[in-house]
Amino acid sequence: MNTHRQYINEQIKKEPKFAKALAKAEQEVGIAVELAKLRERRGLSQTELAKLTGMKQPQIARLESGAHFPAFPTLQKLLGVLGGKLELTADACHLVPTRPKVASARR
């Protein structure tokens, strides 16, 4: 039985474009994971973040699952509320916190 890594390596050998597609998918999922971590670090639920951004909770859930990559204006809105910034390099994309706390949606 092949391991996951062996399967990936076989696919890359068969189809070189697979490596590029895989790297893009890993980057998109990476942003989703970092977005969820930043939200959790701020002590917000998806529902609270949705209220603060004017979005709906299912939209937040889809973004955090990696099912959808956020459009740049959406990412700006989320990072504005969460107090984070986007750092881009030639081979990586990261979300970085810029302040310790965010105003809560709780009343």
Side-chain angles (χ1 to χ4, degrees):
M1 176 176 266
N2 286 345
T3 66
H4 179 70
R5 180 52 50 196
Q6 288 171 327
Y7 172 78
I8 288 172
N9 290 337
E10 288 171 8
Q11 294 306 309
I12 289 170
K13 286 177 187 174
K14 287 180 189 175
E15 182 59 53
K17 290 180 184 179
F18 181 84
K20 206 176 220 183
L22 179 62
K24 183 176 187 268
E26 286 175 346
Q27 185 178 29
E28 289 176 4
V29 171
I31 291 293
V33 169
E34 289 188 31
L35 186 61
K37 285 181 182 178
L38 184 56
R39 175 186 55 76
E40 290 169 354
R41 194 176 303 142
R42 299 303 190 214
L44 295 171
S45 68
Q46 289 181 347
T47 301
E48 290 169 325
L49 179 58
K51 286 178 186 175
L52 289 169
T53 58
M55 298 171 69
K56 296 184 179 181
Q57 181 276 329
Q59 289 175 282
I60 304 292
R62 282 192 298 275
L63 293 174
E64 289 185 0
S65 74
H68 290 67
F69 190 76
F72 190 68
T74 302
L75 194 52
Q76 284 180 303
K77 183 188 313 185
L78 290 164
L79 291 175
V81 169
L82 292 171
K85 66 180 180 177
L86 179 67
E87 287 188 351
L88 294 171
T89 63
D91 57 350
C93 183
H94 297 285
L95 303 182
V96 180
T98 57
R99 63 178 188 262
K101 297 241 177 190
V102 67
S104 177
R106 294 179 184 151
R107 299 202 192 271

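Small disclaimer: the values here were computed from a predicted structure and weren't measured.
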Run the side-chain contact (heavy atoms from CB on, under 4.5 Å) check on Leu38 and Leu78 step by step: do they pass? CA-CA 10 Å; Leu38 184 56; Leu78 290 164; over 6 Å; no

Criterion side-chain contact (heavy atoms from CB on, under 4.5 Å) on Arg39 and Leu35, from CA distance to verdict: CA-CA 6 Å; Arg39 175 186 55 76; Leu35 186 61; over 6 Å; no

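With sequence neighbours left out, the side-chain hydrogen bond (donor to acceptor under 3.5 Å, both in side chains) criterion links Gln11 to no other residue. For Glu34, the side-chain hydrogen bond (donor to acceptor under 3.5 Å, both in side chains) partners two or more places apart in sequence, or in a different chain, are His94.
The two atoms that bring Lys85 and Leu79 nearest to each other are C-CD1, 3.9 Å, heavy atoms only.
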Between side-chain atoms of residues 66-76 and protein atoms elsewhere (two or more places apart, or another chain), which donor-acceptor pairs fall under 3.5 Å?
none

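Remark: Glu15 CD to Glu10 CD distance equals 14.5 Å, nearest 0.5 Å. Residue Gln6 holds its CD atom at 8.0 Å from CG of Asn9, rounded to the nearest 0.5 Å.
Residue Leu44 is tested with Glu40, Arg41, Arg42 for a side chain to side chain contact (heavy atoms under 4.5 Å, CB included); the sole match is Arg42.
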